[in-house]
Amino acid sequence: MTRRTTRLILSLVMLIAATLGGVVAATGTAQADGCYTWSRSLSQGASGADVTQLQIRVAGHAGNGGVLAIDGAYGPATTAAVKRFQSAYGLAADGVAGPATFSKIYALQDNDCTPIHFTYAELNTCNSTWAGGAVSASTAKSNALRTMWKLEALRHALGDQPIRVTSGFRSHACNDAVGGAAGSRHLYGDAADLGSGPHTLCRLAQQARNHGFNGILGPGYPGHGDHTHLDHRPSRFWSASSCGI
């Protein structure tokens with residue numbers, strides 16, 4: 001039995017136990033993988049590191065034009081994102097992150113906290129250290145993790161078909177080598193370029209509007225005829241005129 005199969009079975013057992021037992025106040029100590037375990041249910045008004053961990057995983061469900069702040073405070077925007085996450089995966093959409101919600105997250109994440117359909121290596125073909133960019137290596141890697149969870153939400157919304165990442169983090173040297181912009185978001189680790197595959201570049205750009213990206217560049221924007229670029233820049237800039245964006 002593979003590790004992923006074991007994790008999925010354990011997550012299902014946790015969900016069934018929570019449903020039958022009417023658990024509301026806590027998730028218990030069961031752990032579905034080596035990444036992170038929530039020890040309490042979370043709802044609006046909660047705060048702390050466990051809220052931050054939740055926000056990272058539901059930020060891709062921010063809704064059209066929304067960007068969820070990863071601030072450790074469970075406010076109305078987090079509640080709405082949790083509801084969208086729950087609805088997307090067939091759970092009761094009450095905005096409370098409890099056993100059922102955490103079990104689904106456990107089933108979606110690997111031991112290194114990445115979502116199951118994306119990897120750190122996929123988001124960094126530049127080097128193995130995440131160093132040399134515009135931010136520290138740890139920040140660049142953390143930014144990439146947040147990007148991957150948004151991509152996971154995008155992938156699910158598009159029917160769980162593969163999304164092809166063609167570029168992620170770049171050091172200054174790697175960015176210069178490919179002719180990237182001097183202030184490219186790739187230097188921060190919070191950008192991903194997507195190539196066409198099961199979905200057209202325009203379909204990717206259009207759907208990305210619902211998944212927490214401030215930066216969306218695609219066909220019609222100079223230099224983006226062969227990929228769709230997504231990032232977490234501080235303010236919104238969407239431009240893919242050939243796609244109606």
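When the ring-ring contact (aromatic ring centres under 6.0 Å, His included) test is applied to Tyr188, no partner is found at least two apart in sequence or on another chain. Qualifying side chain to side chain contact (heavy atoms under 4.5 Å, CB included) partners for Arg203, counting only residues two or more places apart in sequence or in other chains: Leu158, His199, Thr200, Gln206, Gln207. Scored by the side-chain hydrogen bond (donor to acceptor under 3.5 Å, both in side chains) test, Ser184 finds no partners at all (sequence neighbours excluded). Listed by chain and number, the residues in a side-chain hydrogen bond (donor to acceptor under 3.5 Å, both in side chains) with Ser142 amount to none (sequence neighbours excluded). With sequence neighbours excluded, the residues satisfying side chain to side chain contact (heavy atoms under 4.5 Å, CB included) with Ser136 are Ser138, Thr139. When the side chain to side chain contact (heavy atoms under 4.5 Å, CB included) test is applied to Ser43, the partners found at least two apart in sequence or on another chain are Val96. The side chain to side chain contact (heavy atoms under 4.5 Å, CB included) search around Ala191 returns Arg185, His186, His229, Asp231, not counting sequence neighbours.
Under the 3.5 Å distance criterion, the side-chain polar atoms of Arg164 are matched with a main-chain donor or acceptor of Ser196. The main-chain N or O of Gly95 is found under 3.5 Å from a side-chain atom of Gln86 such that the two form a donor-acceptor pair. With Thr228 contributing its side chain and Gly218 its backbone, the two residues share no donor-acceptor pair below 3.5 Å. For Thr114 (side chain) and Asp110 (main-chain N/O), no donor-acceptor pair under 3.5 Å exists by modelled atom type. For Asn127 (side chain) and Trp130 (main-chain N/O), a donor-acceptor pair under 3.5 Å exists by modelled atom type. Between the side chain of Trp149 and the backbone N or O of Ala59, no donor-acceptor pair lies under 3.5 Å. Between the side chain of Asn175 and the backbone N or O of Ala181, at least one donor-acceptor pair lies under 3.5 Å.
Residues Trp38 and Tyr106 are in side-chain contact: their nearest non-hydrogen atoms beyond the backbone lie under 4.5 Å apart. Considering only heavy atoms from C-beta on, Leu151 comes within 4.5 Å of Leu154 through its side chain. Side chains of Ile105 and Leu54 form a contact here, defined as non-hydrogen atoms less than 4.5 Å apart.
Among pairs with a residue in residues 61-80, those fulfilling ring pair (Phe, Tyr, Trp, His ring centres under 6.0 Å) read His61-Phe85, at least two apart in sequence or across chains. Identified under the side chain to side chain donor-acceptor pair (under 3.5 Å) test for residues 51-60, with sequence neighbours left out: Gln53-Arg57, Gln55-Asp71, Gln55-Thr78, Arg57-Gln109. Applying the salt bridge (charged side-chain N to carboxylate O under 4.0 Å, His left out) test to every pair with at least one member in residues 133-156, sequence neighbours left out, gives these pairs: Arg155-Asp160.
Other residues sharing the hydrophobic cluster of Val67, ordered by chain and number and joined by side-chain separations under 4.5 Å: none, the residue standing alone.
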Could you pull out every donor-acceptor pair under 3.5 Å between side chains of residues 237-245 and any protein atom, sequence neighbours left out?
from, atom 1, to, atom 2, distance (Å)
Trp238, NE1, Phe213, O, 3.1
Trp238, NE1, Asn214, O, 3.3
Ser241, OG, Gly220, O, 3.4

